[in-house]
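Structure, as structure tokens:
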Amino acid sequence: MTPNEAPRSRAAGAPSDHRHLLDVAGLEWGQLRRLLDVAGQMRAILATPERRSDELRGTIVATLFYEASTRTRLSFEIAARALGAELLSFDVGTSSVGKGESLVDTLRTLRALGADVVVLRHERSGAPWLAARAFDGSVINAGDGWHAHPTQALLDLSVLSARIGGADGSLRGRSIAIIGDLLHSRVVRSNLHTLIAAGASVRLAGPANLVAGFADLADALTREARARSGDAAGSAQLVASIDAALDGVDAAMALRIQRERLSGGEIDSLEGYRRDWGLTEERLAARAASGCLVMHPGPMNEGVEIDADVADGQRSLVLDQVAAGVPMRMAVLSLAARGELP
Ligand code: CP
């Protein structure tokens, strides 16, 4: 599977029983609205003195992360506990993966130990689809290679919907810029689907060698959305500069320069990258709508793709994004257990 491929779980041959969340490609606004609503119910649980329910009592949730994570892993673990599930926090680094055990054998082992749900992050695009065929339970994609990060897109949508959404929570009439290293970003590939489905106009921008394929992807997704939803459809376009991306936007998301995925030569220097593509207060003040909100999925390279005063400033939703991960991931785990994922 190439990163810009957008398989529908059913088309890709994964089980179609609504226990898995592999991707957000192809989801429609009504399905996203349901996820936002269930996340709202989970926020209400988190606001009670107990901060938990026992909806998933007796369920074992395993977190299986082959790549580093802070936000996604911890928020899934908090979410599982808040629903009363037992947690198997699998440490790939000290496991038999180091002896060469395959992903499929690891999943079969977790199932034999009683795991009902696997939350999987893997460096290979498509690994969750393989997992869904091998694991006789629920598989939740917590990020696969450059390809997809469905729960990040869902939590980003929940934050934007709450802050700048219309009466129905949709983003119709809103413009969102996503700026930076698109090429290596599973976050942008998933956000494109959810933001367009929510009706937003998305503007993409980044250095020429880090946006390969995105003009075509943006056009294809816009055409699909128009065919599906007519005038209510959102859209996406690749623009040539950060200034064009920021022009009048309601929210701007900076993407991390993924130094661990660069092969060398993609950017001249970090200073040059900040100069040409960095989200700075000066640029936002000059170009964006007044009150433009700022997002970053984290972790951030402050002083490179985003300045520290922007990340920590009044416009910033960075910590709102982190906090929104818990109720959204509770919603995903709850719907997985009920077999009601879209
Ligand atoms: N946004 C995100 O996926 O962060 P982590 O890598 O810390 O989970």
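As the structure lists them, so they are numbered: ligands from 1, and atoms in each ligand from 1. Starting from 1, each residue takes its place in the sequence as its number. Basis for what follows: all heavy atoms, side chains included, without hydrogens, waters or symmetry-related copies.
- Below 4.0 Å from some heavy atom of Thr70 lie the following atoms of ligand 1, by number and element: 5 (P), 7 (O), 8 (O).
- Heavy-atom separations between Glu67 and ligand 1 are all 4.0 Å or longer.
- Each of the following atoms of ligand 1 lies closer than 4.0 Å to a heavy atom of His149: 2 (C), 3 (O).
- Annotation: atom 6 (O) of ligand 1 to nearest protein heavy atom, Arg121 NH1, 2.9 Å.
- For atom 7 (O) of ligand 1, the closest non-hydrogen atom of the protein is Arg71 NH1, 2.7 Å.
- For the pair Arg121 and Phe65, the cation does not sit on the ring face, since its NZ or CZ is not both under 6.0 Å from the ring centre and inside 45° of the axis.
- The aromatic rings of His122 and Tyr66 sit tilted, their planes meeting at an angle between 30° and 60°.
- At a 3.5 angstrom cut-off on N or O pairs, Thr72 counts as close to ligand 1.
- The side chain to side chain donor-acceptor pair (under 3.5 Å) test applied to Ser190 returns no partner, not counting sequence neighbours.
- At least one side-chain heavy atom of Arg19 sits under 4.5 Å from a side-chain heavy atom of Asp136.
- Looking only at distances, no side-chain donor or acceptor of Arg274 sits under 3.5 Å from a matching main-chain atom of Leu270.
- For ligand 1, the atoms sitting less than 4.0 Å from at least one non-hydrogen atom of Gly298 are 1 (N), 2 (C), 4 (O), numbered in the order shown with element in parentheses.
- For a threshold of 3.5 Å applied to N or O pairs, the pair formed by Pro299 and ligand 1 contains no separation below that value.
- The closest donor-acceptor contact from the side chain of Glu305 to the backbone of Asn301 lies under 3.5 Å.
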